[in-house]
S.K.: 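One structure, pasted below without further comment.
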Amino acid sequence: HFLGTKILRVVGGGLADRSQEPVRPQMERLIPMVTRLVEVAAARDIVLAMENHMDFMADEQVEILQRVGSPHLGVTLDTANNIRLLEDRIEVVRELAPYAAATHIKDVIATGKGSPATEWRTFWPSVPLGKGIIDLPLVIDILKENQYAGPLNLEIDLLDPRWPDEDATVAESITYLRKITSR
């Protein structure tokens, strides 16, 4: 609040949490905590944007959002995280886009190195936007269909070693993002 932010990215957990215990008890503990946080955020006119952070499947996250039931709880929609949970990347975007308050626009490739579910760092590395398996023009269309007007935040995590220059990757990705958003 003191920084003047209107949207604050938060997470409910991470991939490691999914293997620690069943997801349902995690959700049941999280919902009252998030509800209290959302009340504080609402009093300051802030939207908490819970990232799909490999902690919950898209339908689980939607359930959390609906059970909290506040316009001050939305989603930071990461375009690639749920593929690392082996969910259909476009179906996840369709399911979460109505709740999007912010984005992490990311592209990944499938290297075939290791298990896609447990060794996601080597199996699903980031690549420059437009070089991977995420249909980003379709993602942008889905966001537009849902009247999304928030930020399109570029995220590159665990960059594939075939793109060793992170600065060049960022520049290439921004150019690509500008191209697909101006159509």
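Residue numbers start at 1 and run along the sequence shown.
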S.K.: Go through the steps for Thr35 and Leu37 under the test side chain to side chain contact (heavy atoms under 4.5 Å, CB included), then give the verdict.
M.R.: CA-CA 5 Å; Thr35 300; Leu37 291 171; over 6 Å; no

S.K.: Can you confirm whether Met27 sits close enough to Val23 that some side-chain heavy atom of one is under 4.5 Å from a side-chain heavy atom of the other?
M.R.: yes

S.K.: Are the side chain of Thr111 and the backbone of Thr122 linked by a donor-acceptor contact shorter than 3.5 Å?
M.R.: yes

S.K.: List, by chain and number, the other hydrophobic cluster members for Phe2, where Ile, Leu, Val, Met, Phe, Trp and Tyr join if side-chain heavy atoms come within less than 4.5 Å, directly or indirectly.
M.R.: Leu3

S.K.: Without swapping roles, check the side chain of Arg84 against the backbone of Ala80 for a donor-acceptor pair under 3.5 Å.
M.R.: no

S.K.: Does NZ in Lys113 sit with more than 12 non-hydrogen atoms of other residues, nucleotides or ligands closer than 6.0 Å?
M.R.: no

S.K.: Check whether any side-chain heavy atom of Arg36 sits under 4.5 Å from a side-chain heavy atom of Pro32, and report yes or no.
M.R.: yes

S.K.: Can you tell me if Trp124 uses its side chain to pair, donor with acceptor, with the backbone of Pro116 under 3.5 Å?
M.R.: yes

S.K.: Evaluate the side chain to side chain contact (heavy atoms under 4.5 Å, CB included) criterion for residues Ile90 and Val139: first the C-alpha distance (whole Å), next the side-chain angles of each, then the deciding distance (0.1 Å), finally the verdict.
M.R.: CA-CA 7 Å; Ile90 295 302; Val139 166; 4.0 Å; yes

S.K.: Is a side-chain donor or acceptor of Ser126 paired with a backbone partner of Asp157 at a separation under 3.5 angstrom?
M.R.: yes

S.K.: Can you find a heavy atom in the side chain of Leu152 that is under 4.5 Å from one in the side chain of Ile140?
M.R.: yes

S.K.: Quick one: closest heavy-atom pair of Gly132 and Ile109, and the distance?
M.R.: CA-CG2, 3.8 Å

S.K.: Mark yes when over 12 heavy atoms from residues, nucleotides or ligands other than Arg178 sit less than 6.0 Å from its CZ; otherwise mark no.
M.R.: no

S.K.: Does Glu63 have more than 12 heavy atoms from other residues, nucleotides or ligands lying within 6.0 Å of its CD?
M.R.: yes

S.K.: For Lys144, does the NZ atom have more than 12 heavy-atom neighbours from other residues, nucleotides or ligands under 6.0 Å away?
M.R.: yes

S.K.: So which heavy atom on Glu21 is nearest to which on Gln26, and how close?
M.R.: O-NE2, 3.0 Å

S.K.: Could you pull out all donor-acceptor pairs under 3.5 Å where a side-chain atom in residues 45-58 meets a protein atom, sequence neighbours excluded?
M.R.:
from: Glu51; atom 1: OE1; to: Arg9; atom 2: NE; distance (Å): 2.5
from: Glu51; atom 1: OE1; to: Arg9; atom 2: NH2; distance (Å): 2.8
from: Glu51; atom 1: OE2; to: Asn81; atom 2: ND2; distance (Å): 2.9
from: Glu51; atom 1: OE2; to: His104; atom 2: ND1; distance (Å): 3.2
from: Asn52; atom 1: OD1; to: Asp78; atom 2: N; distance (Å): 2.7
from: Asn52; atom 1: ND2; to: Asp78; atom 2: O; distance (Å): 3.0
from: Asn52; atom 1: ND2; to: Asn82; atom 2: OD1; distance (Å): 2.8
from: His53; atom 1: ND1; to: Gly13; atom 2: O; distance (Å): 2.8
from: Asp55; atom 1: OD1; to: His53; atom 2: N; distance (Å): 3.2
from: Asp55; atom 1: OD2; to: Gly12; atom 2: N; distance (Å): 3.1
from: Asp55; atom 1: OD2; to: Gly13; atom 2: N; distance (Å): 2.9

S.K.: At what distance, to the nearest 0.5 angstrom, does OH of Tyr148 lie from CD1 of Ile142?
M.R.: 14.0 Å

S.K.: Nearest 0.5 Å, please: how far is CG in Asp107 from CD in Glu155?
M.R.: 12.0 Å

S.K.: Could you give me the CA-CA distance, side-chain angles and deciding distance for Arg94 and Leu138, then say whether side chain to side chain contact (heavy atoms under 4.5 Å, CB included) is met?
M.R.: CA-CA 10 Å; Arg94 288 189 198 288; Leu138 180 55; 4.2 Å; yes

S.K.: Just by modelled atom types, is the Lys106 backbone N or O under 3.5 Å from a matching donor or acceptor in the Thr79 side chain?
M.R.: yes

S.K.: Where the side chain of Asn146 meets the backbone of Leu143, is there a donor-acceptor pair that is under 3.5 Å apart?
M.R.: no

S.K.: Indicate if Leu86 and Ile133 have the same hydrophobic cluster label, given that clusters are the connected sets of ILVMFWY residues with side-chain heavy-atom separations under 4.5 angstrom.
M.R.: yes

S.K.: If you round to the nearest 0.5 Å, how far is CD1 of Ile174 from CG of Leu129?
M.R.: 9.0 Å

S.K.: Any idea which heavy atoms bring Ile7 and Ala101 closest together, and the distance?
M.R.: CD1-O, 3.1 Å

S.K.: So does Lys131 pair up with Glu172, basic N to acidic O under 4.0 Å?
M.R.: yes

S.K.: Main chain of Trp163, side chain of Asp160: is a donor-acceptor contact present, judged purely on distance under 3.5 Å?
M.R.: no

S.K.: Looking at every non-hydrogen atom in both residues, tell me the closest pair between Ile134 and Val108 and how far apart they are.
M.R.: CG1-N, 4.1 Å

S.K.: Just verifying a value: how many Å separate Asp135 CG and Asp141 CG, rounded to the nearest 0.5 Å?
M.R.: 8.5 Å

S.K.: My understanding is that only one of Leu65, Thr103, Ile64, Val62 makes a side-chain contact (heavy atoms from CB on, under 4.5 Å) with Val75; could you say which?
M.R.: Leu65

S.K.: Is there side-chain contact between Thr169 and Asp167, with at least one heavy-atom pair below 4.5 Å?
M.R.: no

S.K.: Answer yes if Val38 and Val11 sit in the same cluster of Ile, Leu, Val, Met, Phe, Trp and Tyr residues linked by side chain heavy atoms under 4.5 Å apart, and no otherwise.
M.R.: no

S.K.: Do Leu136 and Tyr176 have side chains that get closer than 4.5 Å, going by heavy atoms?
M.R.: yes

S.K.: Just do the side chain to side chain contact (heavy atoms under 4.5 Å, CB included) check on Trp120 and Leu158 with the steps written out, would you?
M.R.: CA-CA 10 Å; Trp120 59 271; Leu158 309 163; 3.1 Å; yes

